[in-house]
There are 2 protein chains.
Amino acid sequence: MPLPQTEIPGRLQTQLAERGIRMTGPRRAILSVIETATRHLDASQILRKARTVDASVDRSTVYRTLDLLKRQGLIDELDLMHLNGEGHYYERKLGRDHIHMACLRCGKITEFVSRTFESLKKQLERDCHFHILVARLEVGGYCSACRR
Amino acid sequence: MPLPQTEIPGRLQTQLAERGIRMTGPRRAILSVIETATRHLDASQILRKARTVDASVDRSTVYRTLDLLKRQGLIDELDLMHLNGEGHYYERKLGRDHIHMACLRCGKITEFVSRTFESLKKQLERDCHFHILVARLEVGGYCSACRR
DNA sequence: CGCTTTTTGCGACTCAGTCGCAAGAAGAAG
DNA sequence: CTTCTTCTTGCGACTGAGTCGCAAAAAGCG
Ligand SMILES: [Mn+2]
Ligand SMILES: [Mn+2]
Ligand SMILES: [Zn+2]
Ligand SMILES: [Zn+2]
């Protein structure tokens, strides 16, 4: 399940530097894991992968870095319908948002970019006088292979 | 923040009965709490309120009943942007879905029913051959009172 | 280098949600 | 209304995600 690439990858570090945020070994390890991920990772998977780069990285540093990236609007947090436990999944936030569809039978995650979704967000901002910082549309149901 | 009422309330019990599901004291207590709720409740709030009806209700019965209602498609589970911890919120599922907007400054939850949202779901089902059972759109940002 | 500020690892902790089990209640059938 | 099966419950112990306070370490800047 490849993520739609609508921006030059590999620049999470730069984006943090531009905002005057300190760069450290553990952070570099975690950022590189998120940047090179080809699927949605949860915190413990990010920890495990980050440790292959810098073995000393701690679990709480992963959570703290994820918080930082969320606050900076550089990653999105997903539930993916809690198909596997109660944890959350993370992915880099790129140009336009996309929708996540989770198949409740086979677990497949499908991503979808939609112009209608973009209009809907604009409509919300206009009609509700709400300034959107993050929008998450997650759908559960049956994928094309699993529906009867 | 009143919930949009697009169906006759008070019928959760009947809907379970129609599906041949056993009715018990604890269940009745929990269902009545959910049915009469005027805002989004988390599991521990549901437990506390249910205990005022039937003092013996246990925490795990609340979780088991919430699971049942989710599986039956009678309630929706929400994150509300995790403004207060990691728990989930529940609300009865009525005729049409609505969008939840959470203000990251004041915590206000705004609900919004949108025709565009309904079209978006139809479009998803058509274009992705995906059979939608549950759709959750949650937005975080600043409400009209809090935006500068 | 020396100083200030931020970040880190660690370990202990909280809190949401789960599970196995034996006892209890629902409902169907007679 | 009794019997029988099946489902549900309370309980208590448990798991796993995420948090926190702290003292040590590292970043960045002049
Ligand atoms: Mn969640
Ligand atoms: Mn609602
Ligand atoms: Zn599937
Ligand atoms: Zn607000």
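Proteins come first, then strands; the chains are lettered A, B, ... in the order of their sequence lines, and each starts at number 1. No experiment lies behind these values; they were computed from the predicted model shown.
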- Item | Ionic contact status for B/Lys122 with B/Glu125, cut-off 4.0 Å | no
Would A/Lys70 and A/Glu77 pass as an ion pair if we require N to O under 4.0 Å?
->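 Yes, A/Lys70 and A/Glu77 are salt-bridged.
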*asked:* I need the single residue from B/Arg96, B/Arg136, B/Lys93 that forms a salt bridge (Lys or Arg N to Asp or Glu O under 4.0 Å) with B/Asp76. Which is it?
replied: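 Single pass found, and it is B/Lys93.
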Please work out if [X] contacts a base, only the sugar-phosphate, or nothing of the nucleic acid, heavy-atom cut-off 4.0 Å.
{"X": "B/Arg59", "value": "base"}
{"X": "A/Ser56", "value": "sugar-phosphate"}
{"X": "B/Arg64", "value": "base"}

Which of C/dG27, C/dG9, D/dG10 is nearest the side chain of B/Val57? It is D/dG10
Checking A/Leu12, A/Val57, A/Leu68 against A/Arg27 for side chain to side chain contact (heavy atoms under 4.5 Å, CB included), the one that qualifies is A/Leu68
Distance check: side-chain N/O of [X] vs OP1/OP2 of [N], anything under 4.0 Å?
{"X": "B/Tyr63", "N": "C/dG17", "value": "yes"}
{"X": "B/His88", "N": "C/dG17", "value": "yes"}
{"X": "A/Ser60", "N": "C/dG9", "value": "no"}

How long is the line joining [atom1] of [X] and [atom2] of [N], in whole Å?
{"X": "B/Ile30", "N": "D/dT9", "atom1": "CD1", "atom2": "P", "answer": "7 Å"}
{"X": "A/Asn84", "N": "D/dG16", "atom1": "CG", "atom2": "C1'", "answer": "13 Å"}
{"X": "A/Gln45", "N": "D/dG18", "atom1": "CD", "atom2": "P", "answer": "12 Å"}
{"X": "A/Asp54", "N": "C/dG9", "atom1": "CG", "atom2": "P", "answer": "7 Å"}

Note to self: Base of C/dT5, side chain of A/Arg22 - is there a donor-acceptor contact under 3.5 Å?
What the structure shows: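 Donor-acceptor pair under 3.5 Å: yes.
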Check: Is there a donor and acceptor pair closer than 3.5 Å between the side chain of B/Thr24 and the base of D/dC7?
Finding: no
Upstream residue (5' side of DNA chain C) when B/Glu86 and B/Arg28 are each assigned their closest nucleotide |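 It is B/Glu86, whose closest nucleotide lies nearer the 5' terminus.
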Pick the closest DNA chain D nucleotide for B/Ile21 and for A/Ile21 by heavy atoms, then say which residue is nearer the 5' end.
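Nearest-nucleotide comparison on DNA chain D picks B/Ile21.
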Check: Just checking, any donor-acceptor pair under 3.5 angstrom between side chains of A/His40 and A/Glu111?
Finding: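 A/His40 vs A/Glu111: donor-acceptor pair found between side chains.
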